[in-house]
There are 2 protein chains.
Amino acid sequence: MRLTTKGRYAVTAVLDLALNSHDKPVNLSDISDRQAISLSYLEQLFSKLRKNNIVKSIRGPGGGYLLNASRDEISVAHIINAVNESIELSRCDGRANCHDGKQCLTHNLWVDLSTRINDFLDNISIGELIKQNEQQANDRLSSITNTITVTTSQ
Amino acid sequence: MRLTTKGRYAVTAVLDLALNSHDKPVNLSDISDRQAISLSYLEQLFSKLRKNNIVKSIRGPGGGYLLNASRDEISVAHIINAVNESIELSRCDGRANCHDGKQCLTHNLWVDLSTRINDFLDNISIGELIKQNEQQANDRLSSITNTITVTTSQ
DNA sequence: TAATAACCAACTAAAATAGTCAAGTAATTA
DNA sequence: TAATTACTTGACTATTTTAGTTGGTTATTA
């Protein structure tokens, strides 16, 4: 599990897609304009997202991309792993490269941690992210409304 | 919060330090040998770790590095943030670069996620990581022992 | 068939990662 | 105090990844 700007671009783009597709395909030019990510870089990212069944494509005029599952079924971990598809070889995989017990030990500790981070991000769906964000926006709004109410009632 | 091989090197090195320092300083050459990380790269990493008060150094013969706090007080997030010390500018910080409401929206969603990841890693101390790993090792050991017991009792 | 938008591949510039080298400084021990 | 050990610092380099560019092709729809 790696967490870099590349993953952030991908998560941002999928969030944009989820927010702007109302059951209609969203084309990459629009995402490119809204999120200020170059079209060709988006093409590279969406090629991987499509191969990993996170989005599906429709060609031709009026075409674009659609989520290939519900918002709640697409996890942040899924998106990030899709675009970072490199073999992510841990330096000591089982037997090779393992000079002594000590190296294996910290290697295992790192793998444990990596698994925990992956599990954590696998439990955050983009639907949940959006829902939580809307909730926070509502909270802020109602706290402003309350303030106004108190002020005017005095 | 970025999660790259650089951070992994740093966490691995601090774990090695925690495991091999029995209240005595550990020198970087030894960590370099055990973890197969180049000495000068370790020097760069530990320079940042020291400036962030994660480790302290003792010079001269028999010198090296010590943890600057207890195992349970040093979090994984702390280590990773120390070595990734770059300004990590988010593209749209508050007002600037924000073309329209949509960009701000996905930006906020990303910031939310980033905060959640940071909180998560801030709650994992290297002491906890090591303890959990020892526990798992014991579990595996006792399950083997149990198997042997069952087998021999038949 | 003309416009649109996905798909593809090779290439390049810039940045980050990983490592090297060399000349220091500080602390300890003999 | 001289020699040793080990950390400190900075400049430099190679490699990899990131991000973007160019120039196409294929499929679809109006």
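These numbers were taken from a predicted model, which means no experiment stands behind them. Numbered from 1 within each chain, the chains take letters A, B, ... in sequence-line order.
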Going by salt bridge (charged side-chain N to carboxylate O under 4.0 Å, His left out), name the residues that satisfy it together with B:K131, two or more places apart in sequence or in a different chain.
B:D72
In short, ring-ring contact (aromatic ring centres under 6.0 Å, His included) pairs touching residues 37-57 of chain A with sequence neighbours left out are A:Y9-A:Y41, A:F46-A:Y65
Within the 3.5 Å criterion, strictly below it, is a donor on B:N138 or B:E134 matched to an acceptor on the partner's side chain?
no
Output the rest of the hydrophobic cluster of A:L141: all Ile, Leu, Val, Met, Phe, Trp and Tyr residues reachable through side-chain heavy-atom contacts under 4.5 Å, sorted by chain and number.
none
Show the distances under 3.5 angstrom between N or O atoms of the protein and N or O atoms of nucleotides 26-30 of chain C.
from	atom 1	to	atom 2	distance (Å)
C:dA26	O4'	B:R59	NH1	2.7

Are B:S57 and D:dT8 close enough that a side-chain N or O sits under 4.0 Å from OP1 or OP2?
yes
For the pair made of NZ in A:K56 and P in D:dT28, what is the distance, rounded to whole Å?
15 Å
Could you tell me whether B:T4 contacts a base, only the sugar-phosphate backbone, or nothing, with contacts defined as non-hydrogen atoms closer than 4.0 Å?
sugar-phosphate
Rounding to a whole Å, what distance do you find between A:I37:CD1 and D:dA19:P?
9 Å
Nearest 0.5 Å, please: how far is CG in B:N108 from CG in A:N133?
6.0 Å
Of B:S38 and A:Q44, the one whose nearest nucleotide on DNA chain C sits closer to the 5' end is A:Q44
From the list C:dT17, C:dA6, D:dG20, which nucleotide is the closest neighbour of the side chain of A:N27?
C:dA6
Pick the nucleotide of DNA chain C nearest each of A:S47 and A:G63; which residue has the one closer to the 5' end?
A:G63
Looking at A:R50, does any N or O in its side chain come under 4.0 Å of the phosphate oxygens OP1/OP2 on C:dC7?
yes
Could you check how far CG of A:L49 sits from C1' of C:dC8, rounded to whole Å?
16 Å
Taking side chain to side chain contact (heavy atoms under 4.5 Å, CB included) as the definition, give me every residue that meets it alongside B:I58, ordered by chain and number, with sequence neighbours left out.
B:P25, B:L66
For a quick test of reading the model: is some side-chain N or O of A:R2 closer than 4.0 Å to OP1 or OP2 of D:dT18?
yes
Looking at residues at least two apart in the chain, or sitting in another chain, which of them share a side-chain hydrogen bond (donor to acceptor under 3.5 Å, both in side chains) with A:E43?
none
Taken to the nearest whole Å, CG/B:L42 to C1'/D:dA6 is 14 Å
Measuring from the side chain of B:Y65 (C-beta onward, heavy atoms only), which nucleotide among D:dC7, C:dA18, D:dT21 has the closest atom?
D:dC7
Could you state the atom-to-atom distance from CD1 of A:I31 to C1' of C:dA5 in whole Å?
13 Å
When you check the phosphate oxygens OP1 and OP2 of D:dA19, does a side-chain N or O of A:T5 lie under 4.0 Å from one of them?
yes
Comparing nearest nucleotides in DNA chain D, the 5'-proximal residue of the pair B:L39, A:G7 is B:L39
Measure from the side-chain heavy atoms of B:S40 and tell me the nearest of D:dT18, C:dT20, D:dA19.
C:dT20
Could you work out which one of D:dT8, C:dC8, C:dA18 sits closest to the side chain of B:E43?
D:dT8
Atom-pair distance (CG on A:L28; P on C:dT4), nearest Å:
16 Å
I would like to know whether A:E128 and B:R116 meet salt bridge (charged side-chain N to carboxylate O under 4.0 Å, His left out); could you show each step before the answer?
CA-CA 13 Å; A:E128 196 216 319; B:R116 288 173 69 167; 3.2 Å; yes
Under 4.0 Å between a side-chain N/O of B:Y41 and OP1 or OP2 of C:dG19, yes or no?
no
D:dT17 P sits how many Å from A:L45 CG, rounded?
16 Å
Interatomic distance, A:K48 NZ vs C:dA9 C1' [rounded to whole Å]
14 Å
